[in-house]
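As structure tokens, the structure follows; a few thoughts come after it.
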Amino acid sequence: MRGALFVEGINVQEMIFQFVGGLGIFLFGLKYMGDGLQKSAGDRLRDILDKFTTNPFMGVLAGMLVTMLIQSSSGTTVLTVGLVNAGFMTLRQAIGVIMGANIGTTVTAFIIGIEIKEYGLPILAVGALLLFFFKSKKVTYLGQTLFGFGALFYGLKLMGNGMKPLRSLEAFQDLTVSMSEQPILGVVIGTLFTVVVQSSSATIGVLQGLFEQGAIDIYAAIPVLFGDNIGTTITAVLASIGASVAAKRAAFTHVIFNVIGTTVFLLLLKVYIPFIEYLRDLAGLNEAMTIAFAHGIFNFSNMLVQFPFIGALAYIVTKLIPGEDTAVDQKPKHLDPIFIEQSPSLALDQAKEEVMRMGDFAYRGLEETSHYLNNHQRKHADMALQYEEALNNLDRNITEYLVSLSSYSLTELESHKHSALIDSVRDIERIGDHFENLIELVDYKISNKVHLTEQAQEDLNDMINLTLITVKQAMKALETMDREEALAVVQKENQIDQYERSYRKKHILRMNEGVCTGPAGIVFVDIISNLERIGDHAVNIAEEVLGGKQS
């Protein structure tokens, strides 16, 4: 080959191209197969993690299942960090999921251990056939899974061909000897390689290929395997940057869990490797399957050893990452389905309690938005967005609860209360949408260095303070069903409307005088428009108390 680089008689260029290309196809196949499996599962993985993690044991099972479906322990851990960040999951539940994810990811290694690499291309062809010649979604999802499955094996075959010459390369032989004699070196290499590739499944696939080619012995391979498990934690750590304290703790737990496991198994290495060799001889395992079993036993044993200490792990990371957990608890607290059948009247009271909680979230979210508007500190925007997500979640849950309740017999007064709650829930959720719009406007203001005049900022503060009082009073009126409070809300909303008209005119004058710029004008007008709409939703809630919406 013209221009090819040869070292010790080995075509290095061809070796690198086959390895890198094979790795790319392998990673694509793994991702594509995971996406196909995920779509086949109905794309409800977040719900599985949310609903089936009531205790750490269920968390382990949920983590295993989700990781098997998406073929990525990092993906499951990132999902878990997101759920902890959003307040859907506690740290103890998250630790169980992370342990399960570590077991679930071993499935890929077992798949690789099956000796069907030669059939990668035919499997890929069948997948393409199902993808392009059938209209049924279920068939196309199956086609996507098979295409990814075939690509995975084809990529492995290319990587294997690329790695074949390594065993005769003196520098590589010296490295494997060093790894055999110094297991810590193997752990470091495995960790760094996985950090770079961002997939432990891929690096373990490479390890299986090297072991299959005879380029590395079992004494060097097992420590690298341990390092792969540590390296995969970096994705969750990256996902937790900028997240809540609880999310950072969940990500760091993943690191601690794998580091502790690796430390324990390194101490037992002289026992563990002979055990794996005994198992290989007993079951007649091929090289790739031997690594798969070593991987599976390591992760399963690690889970068994550390599972009783979940509380201790949670305590350790809480001490290592101090700070107040600011995650908003987004799950409903009062919507027990048993009340719907046994006492619809009590169920209605429970729903109202949840609506009041939702109203408190709307007020707090708007309050955080007000702080962000004034001091531009990102923590206030993040808290407001958490409240907005909580509002969306409570909106779904309360509405479903009230719809279920509507099929039971209610008195005329209860029916009116039921209708008022359903309408109020929608208005409260819309308040969240508007303060989310306000955060986006402040983000635009900051990123584009838009400057508001001192008078404009003062006007905004007057209007947002009045809007905050109006929202709080609307919720108080709904809670007590007090007409006087409701009438006061209507008056305040009229004042918000007057502010909006007056401030808009003042703003136009400032623009005409050249005191205010065009971009600042757009931001100002959009902010007061959103505040005026929040006032409308507050008065809608008050109108429910007064006997029916007027707007």
F211 and I218 have their tightest heavy-atom pair at CE1-N, 3.5 Å

Show me the pairs that pass side chain to side chain donor-acceptor pair (under 3.5 Å) and involve residues 24-34, at least two apart or across chains.
K31-D35

Distance in Å, M99 CE paired with T253 OG1, rounded so as to fall on 0.5 Å steps
9.0 Å

For Y154 and I123, run side-chain contact (heavy atoms from CB on, under 4.5 Å): C-alpha distance rounded to whole Å, both residues' side-chain angles, the deciding distance at 0.1 Å, then the answer.
CA-CA 9 Å; Y154 181 60; I123 294 169; over 6 Å; no

Let me confirm one number: the NZ-OH distance from K270 to Y219, rounded to the nearest 0.5 Å.
10.0 Å

Is there side-chain contact between T108 and I204, with heavy atoms separated by less than 4.5 Å?
no

Is the backbone N or O of V255 less than 3.5 Å from a side-chain atom of T233, with the two atoms forming a donor-acceptor pair by type?
no

Where do H254 and N102 come nearest, in terms of heavy atoms and distance?
NE2-OD1, 3.1 Å

Exercise: identify the closest heavy-atom pair between V107 and M68
CG2-CG, 3.6 Å

Working to the nearest 0.5 angstrom, can you tell me the gap between Q306 CD and L313 CG?
5.5 Å

Is E287 reaching over with its side chain to a backbone N or O of E212, donor-acceptor style, under 3.5 angstrom?
no

Taking only Lys NZ, Arg NE, NH1 and NH2, and the carboxylate oxygens of Asp or Glu, determine whether E367 and R364 approach each other closer than 4.0 Å.
no

What do the steps show when you test T232 against T194 for side chain to side chain donor-acceptor pair (under 3.5 Å), and what is the final call?
CA-CA 6 Å; T232 194; T194 309; over 6 Å; no

Which of N229, T106, T105 passes side-chain hydrogen bond (donor to acceptor under 3.5 Å, both in side chains) with N299? Answer is N229

Could you check if a side-chain atom of E368 sits within less than 4.5 angstrom of a side-chain atom of K379, using non-hydrogen atoms only?
no

Are any non-hydrogen side-chain atoms of I184 and L266 less than 4.5 angstrom apart?
yes

With rounding to the nearest 0.5 angstrom, report the CD1 to CD1 distance, I230 to I260.
11.0 Å

Using side-chain heavy atoms (C-beta onward) and a distance below 4.5 Å, is Q144 in contact with F147?
no

Walk me through whether L391 and I428 qualify under side-chain contact (heavy atoms from CB on, under 4.5 Å).
CA-CA 8 Å; L391 291 177; I428 295 168; 4.0 Å; yes

Take V97 and V60 through the side-chain contact (heavy atoms from CB on, under 4.5 Å) test and state the conclusion after the steps.
CA-CA 5 Å; V97 174; V60 171; over 6 Å; no

Would you say F153 and L121 make side-chain contact, with heavy atoms under 4.5 Å?
no

What's the spacing between I297 CD1 and I276 CD1 if we round to 0.5 Å?
4.0 Å

Hey, does V188 have a side-chain heavy atom less than 4.5 Å from the side chain of L192?
yes

Quick one: does any side-chain atom of T262 pair with a main-chain N or O of V259 as donor and acceptor, under 3.5 Å?
no

Taking the side chain as C-beta and beyond, is there a heavy-atom pair between D228 and L207 under 4.5 Å?
yes

Carefully, step by step, assess L152 and I112 under the rule side-chain contact (heavy atoms from CB on, under 4.5 Å).
CA-CA 9 Å; L152 184 150; I112 293 167; 4.1 Å; yes

Looking at the rings of F110 and F293, which for Trp means the six-membered one, are their centres under 6.0 Å apart?
yes

Which is it for D382 and Y372 under the side chain to side chain donor-acceptor pair (under 3.5 Å) test, yes or no, and what are the steps along the way?
CA-CA 9 Å; D382 291 339; Y372 186 48; over 6 Å; no

To check you understand the geometry: which heavy-atom pair defines the closest contact between A347 and L405, and what is its length?
CB-CD1, 3.9 Å

Which label fits F307 and F57: parallel for a plane angle under 30°, tilted from 30 to 60°, or perpendicular past 60°?
perpendicular

Decide yes or no for L320 and Y315: does some side-chain heavy atom of the first lie under 4.5 Å from some side-chain heavy atom of the second?
no

Output the distance between atom CG (L385) and atom NE2 (H380), rounded to the nearest 0.5 Å.
13.0 Å

Report the relative orientation of the aromatic rings in F226 and Y272; use parallel for angles under 30°, tilted for 30 to 60°, perpendicular for over 60°.
tilted

Here the pair of heavy atoms bringing H295 nearest to A109 is ND1-CB, 3.9 Å

Any donor-acceptor pair under 3.5 Å from N286 side chain to G113 backbone
yes

Heavy-atom count check: over 12 atoms from other residues, nucleotides or ligands less than 6.0 Å from I338 CD1?
no

Check step by step if side chain to side chain donor-acceptor pair (under 3.5 Å) holds for N392 and E388.
CA-CA 6 Å; N392 291 339; E388 201 279 328; 3.3 Å; yes

Is it the case that the side chain of R249 and the backbone of A314 share a donor-acceptor pair, with hydrogens and angles ignored and the cut-off at 3.5 Å?
no

Minimum heavy-atom separation for P223 and L269, please, with both atom names.
CG-CD2, 4.2 Å

For the side chain of N397 and the backbone of N393, is there at least one donor-acceptor N/O pair under 3.5 Å apart?
yes

